[in-house]
J.: 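Have a look at this one.
Below, all heavy atoms of this structure are taken into account, side chains as well, without hydrogens, waters or symmetry copies. Here the structure is a predicted model, which means the values were calculated and not measured.
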Amino acid sequence: PVAYALELKLTHAGFETKAVFNGEDGVELFQKETFALIILDLVMPKLDGFKVLETLKEKQIKTPVIVLTNLSQPEDEKRARELGAVGFFIKSNTPIAAIVEQVKEKLNISS
């Protein structure tokens with residue numbers, strides 16, 4: 001999956017990463033540990049990305065979130081941004097290198 005390739009690229013770029021593969025594990029992890037940035041898919045087992053965004057908002061977890069998904073409807077992006085996402089990318093349209101650049105930009109790290 002894209003998550004593995006992204007994790008590899010981000011690690012290679014010098015970032016420490018942790019990957020989880022369902023929304024429940026993500027929420028659990030975000031409550032235990034602090035992260036500089038979250039990259040979130042909207043389609044996940046157990047808890048979808050919208051629910052994860054809602055939970056982060058409820059629990060006042062202020063970590064910036066970039067959504068990386070295959071959902072490409074304008075209303076999906078609108079809803080994700082209303083729930084606090086700072087970026088929204090369609091997997092099939094976005095090379096992994098561009099996501100790494102977005103991560104650097106959001107974290108104010110120059111290339």
J.: Are the side chains of Phe89 and Ile39 in contact, using a 4.5 Å heavy-atom criterion?
T.: no

J.: Using side-chain hydrogen bond (donor to acceptor under 3.5 Å, both in side chains) as the criterion, list what pairs up with Glu82, not counting sequence neighbours.
T.: Lys78

J.: Grouping I, L, V, M, F, W and Y whenever their side-chain heavy atoms are under 4.5 Å apart, do Leu83 and Val43 come out in a common cluster?
T.: yes

J.: Using the side-chain hydrogen bond (donor to acceptor under 3.5 Å, both in side chains) criterion, which residues pair with Asn70? Sequence neighbours excluded.
T.: none

J.: Around atom CD of Glu16, are there more than 12 heavy atoms from other residues, nucleotides or ligands closer than 6.0 Å?
T.: no

J.: Under the salt bridge (Lys or Arg N to Asp or Glu O under 4.0 Å) rule, collect the residues that match up with Glu75, sequence neighbours excluded.
T.: none

J.: Can you give each donor-acceptor pair under 3.5 Å made by side-chain atoms of residues 61-69, sequence neighbours left out, with the distance rounded to 0.1 Å?
T.:
from	atom 1	to	atom 2	distance (Å)
Thr69	OG1	Asp41	OD1	3.3
Thr69	OG1	Leu71	N	3.1

J.: Using residues 44-54 as the side-chain source, report each donor-acceptor pair under 3.5 Å to any protein atom, sequence neighbours left out, with the distance given to one decimal.
T.:
from	atom 1	to	atom 2	distance (Å)
Asp48	OD1	Phe50	N	3.0
Asp48	OD1	Lys51	N	2.8
Lys51	NZ	Glu54	OE1	3.1
Glu54	OE2	Arg79	NH2	3.4

J.: Under a single-linkage definition using a 4.5 Å side-chain heavy-atom cutoff for Ile, Leu, Val, Met, Phe, Trp and Tyr, are Phe15 and Val86 assigned to the same hydrophobic cluster?
T.: yes

J.: How far does CG of Leu56 sit from CD of Gln31, to the nearest 0.5 angstrom?
T.: 8.5 Å

J.: From Lys104 NZ over to Leu37 CG, what is the distance, rounded to the nearest 0.5 angstrom?
T.: 13.5 Å

J.: Please tell me if the side chains of Lys18 and Phe35 come closer than 4.5 Å, counting only heavy atoms from C-beta onward.
T.: yes

J.: To the nearest 0.5 angstrom, please state how far the NZ atom of Lys9 sits from the OG1 atom of Thr17.
T.: 14.0 Å

J.: Same hydrophobic cluster for Leu29 and Ile38, using side-chain heavy-atom links shorter than 4.5 Å among ILVMFWY?
T.: yes

J.: Are any of the side-chain heavy atoms of Thr55 and Phe30 separated by less than 4.5 Å?
T.: no

J.: State the CD1-CD distance between Ile96 and Glu7, to the nearest 0.5 angstrom.
T.: 11.5 Å

J.: Which residues satisfy the ring-ring contact (aromatic ring centres under 6.0 Å, His included) test with Phe21, sequence neighbours excluded?
T.: Tyr4

J.: Give a yes or no on whether Val103 and Val2 share a hydrophobic cluster (residues Ile, Leu, Val, Met, Phe, Trp, Tyr; joining criterion: side-chain heavy atoms under 4.5 Å apart).
T.: yes

